[in-house]
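First comes the structure, then the notes that go with it.
Naming convention: chains lettered A, B, ... in sequence-line order (proteins, then strands); numbering from 1 in each chain.
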Amino acid sequence: MSIYDTLNEQQKKGVFTAQGPVLILAGAGSGKTRVLTHRIAYLIDELGVNGWNIMAITFTNKAAGEMKERVADIVGMGSESIWVTTFHSTCVRILRRYGDRLGYDNNFTIYDSDDQKTVIKDICKRLQIDTKTLKERSILSAISSAKDELISPEEFGLNAIGDYRKQRIAQAYKEYQAALKKSNAMDFDDLIMNTVELFKTDKEVLEGYQKRFKYIMVDEYQDTNTAQFELIRLLADAHHNLCVVGDDDQSIYKFRGANIRNILDFEKVYPEAEVIRLEQNYRSTQNVLDAANGVIRNNKGRKRKTLWTDKGEGNLIHFRQFDNAYEEAEFVAGDVARKKRKGQADYGDCAVLFRTNAQARLLEERFVVEGIPYNVVGGTNFYARREIKDLLAYLKTIDNGRDDLAVKRIINVPKRGIGAATIAKVQDYADMHEISFYDALRQADAIASIGKSTAKLKPFVNMIQAFRSKLEFYGLEDLIKDIIETTGYVEELEAADDEEAGSRIENIDELISKIVAFEEIRDHPSLGEFLEEVALVADIDNVENGNNKVLLMTLHSAKGLEFSHVYLTGMEDGIFPSYMTIASDDPDEIEEERRLAYVGITRAREDLTLCYAKMRMIRGETQMNAISRFVKEIPTELMDNRVPAPKHCPADMTIPINEPSGQPYKARPVATLMPKRTAAENKPFIAGGGIGSLSAAGISKGIGAVTGGKPDYDIGDRVKHVKYGEGTVTDLEPGPRDYKVTVDFDDAGQKIMYAAFAKLVKF
DNA sequence: TAGTTGGGTTTTTTT
DNA sequence: AACCCAACTA
């Protein structure tokens with residue numbers, strides 16, 4: 001009996017074909033992760049390959065972490081040394097080591113989309129680009145696409161000849177790259193493009209990595225872009241032991257540069273490639289699969305694939321129609337509650353999917369009312385929130401003084417009376433002497449034009465310098481608390497005392513928790529590493545399994561996940577497929593949208609519910625939409641089709657799909673149905689959240705973040721802290737928003753902390 | 001310099 | 001509906 005016995009023939013072929021290029025076309029739910037993990041096990045245990053020589057690339061940190069775990073479970077020794085990471089982390093790791101060969105400092109900063117926007121705005125001003133006709137957003141997306149295709153600013157300029165608009169973008173692109181380099185910063189796309197550049201210009205580096213990575217595997221291959229493919233191609237060039245796994249039907253990231261040709265043309269690039277199809281689905285019932293197949297068969301130009309399962313037919317697909325989005329949300333939350341009550345499903349078995357993040361709002365409110373624990377994945381990234389970005393900017397300034405953006409962000413936050421005029425003068429001085437903004441600040445005395453304001457700049461510089469020198473002696477937790485204390489950041493928020501301030505403070509507490517957690521996990525936690533980790537996390541990465549909450553997320557976020565019970569909401573033409581793709585003359589766009597529907601449907605193991613709302617408020621406008629064409633592509637015999645019965649009717653009523661207006665169900669006026677609740681009114685209902693909560697600010701902050709209550713320990717009690725170990729409580733006093741507890745730890749000495757996130761356990 | 005207000009804009013998806 | 005920005009006022 002070996003671990004490979006449970007694999008089917010095709011899966012075995014995928015595992016045992018270790019040499020040469022391999023393309024595994026893996027339908028949804030066909031066990032591709034099992035193939036990858038067993039393949040790694042086979043390489044190590046049977047072929048004696050050193051884990052050091054294996055690289056597996058995934059798209060999210062979450063997927064990477066899970067793969068690492070599963071490999072460790074089945075491989076005896078040597079799984080620790082395998083590189084299992086995302087494209088972006090891989091590139092950062094390489095560039096941290098060799099970035100200097102491209103003219104960057106190895107402690108470069110990673111810019112997020114917010115930072116990019118700030119940079120491009122400034123450039124548009126300088127180049128006098130009229131942002132009415134040429135939007136910053138379009139410029140950035142043009143730059144991003146160029147980088148995905150490995151097109152340099154120079155090349156972009158050459159292609160732009162004769163096209164004024166393109167020429168302007170080319171200028172902006174050039175300026176943008178210069179600005180980033182000057183700030184010692186890279187954006188997401190640079191990480192990939194620069195690594196490719198490094199490999200192409202530096203044989204020594206490339207050969208080093210080629211020698212190391214004898215076996216390379218790429219997951220979600222259909223979502224790779226041209227630059228990522230080139231990166232992989234270069235790495236695999238010495239050994240050709242490249243195994244890619246993907247499903248062209250699940251390619252949903254074209255807007256991010258994913259090049260579907262990578263998968264469709266794999267055999268052209270590697271004519272000797274072995275192609276393996278995984279067509280047995282182990283996830284869903286026949287009905288779910290038939291529904292998925294019914295939709296996806298309307299796409300042209302896909303690789304032939306027929307998914308089958310030996311599971312039974314299972315439940316019919318439920319199709320539910322509502323008058324408006326409030327009723328839809330009411331139904332979904334109610335249905336989850338009903339299933340829970342009847343023991344048909346637990347919260348953690350359910351997921352609610354939608355096309356756009358904005359749709360989460362109503363659903364969330366309804367889940368709060370019902371008291372159902374849930375998590376919203378995505379929306380505004382935790383690290384993109386203002387207060388978090390502010391504090392991170394302090395950390396970045398301390399870590400990399402060349403990051404002008406970070407310095408400018410915080411120089412007057414909290415208010416120090418340093419205004420735009422002063423900043424402009426400092427910048428002029430910096431430009432003149434070709435030094436960074438921060439270095440210019442340090443020489444403020446020499447800037448004649450500033451005058452009195454010099455007195456305001458000096459304390460700022462001194463403060464940053466002090467943080468830097470103190471960092472030699474204390475850890476990141478002490479640093480962030482010192483920053484908050486010294487700058488009075490939280491104090492200012494407390495003074496503001498509005499509703500938002502409360503949730504901002506909670507977010508800051510959560511940031512501190514994340515820093516504490518980071519320091520616990522790492523052996524030698526450094527500031528740079530923390531900032532790097534933070535820059536590369538995706539929302540989905542923080543979703544914990546096993547805390548039994550309903551997950552609310554976009555269809556995109558749901559890729560790669562599976563749930564027993566899935567709700568697809570907003571099944572309306574104009575929402576899904578989105579209006580943009582319907583209006584587009586490019587038929588490929590609607591096909592990508594259809595693939596998204598395919599992804600959504602195939603997330604379900606047993607039970608799939610599609611929801612339609614006749615009316616929906618979009619950007620302040622009430623829209624009426626037809627039933628999604630994707631619903632109509634599902635064979636009708638697979639569906640039950642009902643509108644919920646009005647209160648006085650005994651049973652649900654069945655009506656034909658094509659005549660939603662035929663229903664006898666009159667809604668009460670929308671306004672009285674579900675009056676909009678303010679955040680304050682929502683507070684008593686708090687249900688979701690918890691540490692690591694990804695929910696929209698304010699609505700579902702967590703159990704662990706509840707502040708103000710008196711802890712269950714007192715002065716003199718012995719307590720245990722997750723990091724500092726055991727100690728004695730020496731002081732406990734009520735602070736402005738939480739108890740401040742002082743503990744004399746046996747090993748770590750005396751610490752003062754807020755009770756809510758100290759999480760001390762009395763014993 | 002800081003805070004307010006009114007007007008204009010909004011890609012849908014994200015590493 | 002919500003956000004962002006520019007212009008205006010204190």
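A donor-acceptor pair is defined here as one N or O able to donate and one able to accept, closer than 3.5 Å; no such pair exists between the side chain of A/S89 and the backbone of A/T85.
In this structure, A/A358 reaches neither bases nor backbone, as no heavy-atom distance under 4.0 Å exists between it and the strands shown. Counting any heavy atom pair closer than 4.0 Å across all strands shown, A/K559 reaches no nucleic acid atom. When heavy atoms are screened at a 4.0 angstrom cut-off, A/Y579 is found touching no nucleic acid atom at all. If you check every strand for non-hydrogen atoms under 4.0 Å, A/F255 touches a base. A/N357 comes within 4.0 angstrom of the backbone, heavy atoms only, and of no base. When heavy atoms are screened at a 4.0 angstrom cut-off, A/N61 is found touching no nucleic acid atom at all. Contact annotation for A/S578: base contact, defined as any heavy-atom pair under 4.0 Å involving a base atom. At a threshold of 4.0 angstrom between heavy atoms, the contacts of A/T422 are confined to the sugar-phosphate backbone, with no base atom among them.
Applying the 4.0 Å criterion to OP1 and OP2 of B/dG3, one finds that A/K415 has a side-chain N or O inside that range. Put simply, A/N412 has a side-chain N or O that comes within less than 4.0 Å of OP1 or OP2 on B/dA2. For the OP1/OP2 pair of B/dG8 and a distance below 4.0 Å, the side-chain nitrogens and oxygens of A/K132 include no atom meeting the criterion.
Rounded to whole Å, the distance from CD on A/E621 to P on C/dA1 is 11 Å. Atom-to-atom, CZ of A/R137 to P of B/dT13 comes out at 10 Å; the value is rounded to the nearest Å. Taking atom CD of residue A/E136 and atom P of nucleotide B/dT9, one finds them 13 Å apart after rounding to whole Å. The CG atom of A/D112 sits 12 Å away from the C1' atom of B/dT14 (whole-angstrom rounding). Atom CZ in A/F229 sits about 24 Å away from atom P in B/dT15, given to the nearest Å. In this structure, A/K125 places its NZ atom 9 Å from P of C/dC5, rounding to the nearest Å. The interatomic distance linking A/K62 (NZ) with B/dT15 (P) rounds to 13 Å, in whole Å. Rounded to an integer number of Å, the gap from A/L362 CG to C/dA1 P is 12 Å.
Distance check on atom P: B/dT13 versus C/dC4 gives 15 Å, rounded to whole Å.
Residue A/T356 has its side chain nearest to B/dT13 when only B/dT13, B/dT15, B/dG3 are considered. Here the side chain of A/A421 is nearest to one of B/dT14, B/dA2, B/dT1, namely B/dT1. Set against B/dT14, C/dC5, C/dA1, the side chain of A/M617 has C/dA1 as its closest nucleotide. Nearest to the side chain of A/R361, among B/dT11, B/dA2, C/dA2, sits C/dA2. Of all nucleotides listed (C/dC5, B/dA2, B/dT14), C/dC5 comes nearest to the side chain of A/K121. The side chain of A/K117 lies closest to C/dC5, out of B/dG3, C/dC5, B/dT9. Comparing atom distances between the A/R619 side chain and each of B/dT14, B/dT10, B/dT15 picks out B/dT10 as nearest.
Sequence order on DNA chain B of the closest nucleotides to A/S141 and A/Y253 puts A/S141 first from the 5' end.
Rounded to the nearest 0.5 Å, atoms CG (A/L235) and CD (A/E230) are 10.5 Å apart.
Side-chain contact, A/Y489 with A/E387: no donor N or O sits under 3.5 Å from an acceptor N or O. There is a side-chain donor-acceptor pair under 3.5 Å between A/D403 and A/Y111.
Between A/F199 and A/Y209, the ring planes are tilted. Angles from 30° to 60° get that label. Relative orientation of the A/F87 and A/F59 rings is perpendicular, given thresholds of 30° and 60° on the angle between their planes.
A salt bridge links A/K389 to A/D115: one of the charged nitrogens lies within less than 4.0 Å of a carboxylate oxygen.
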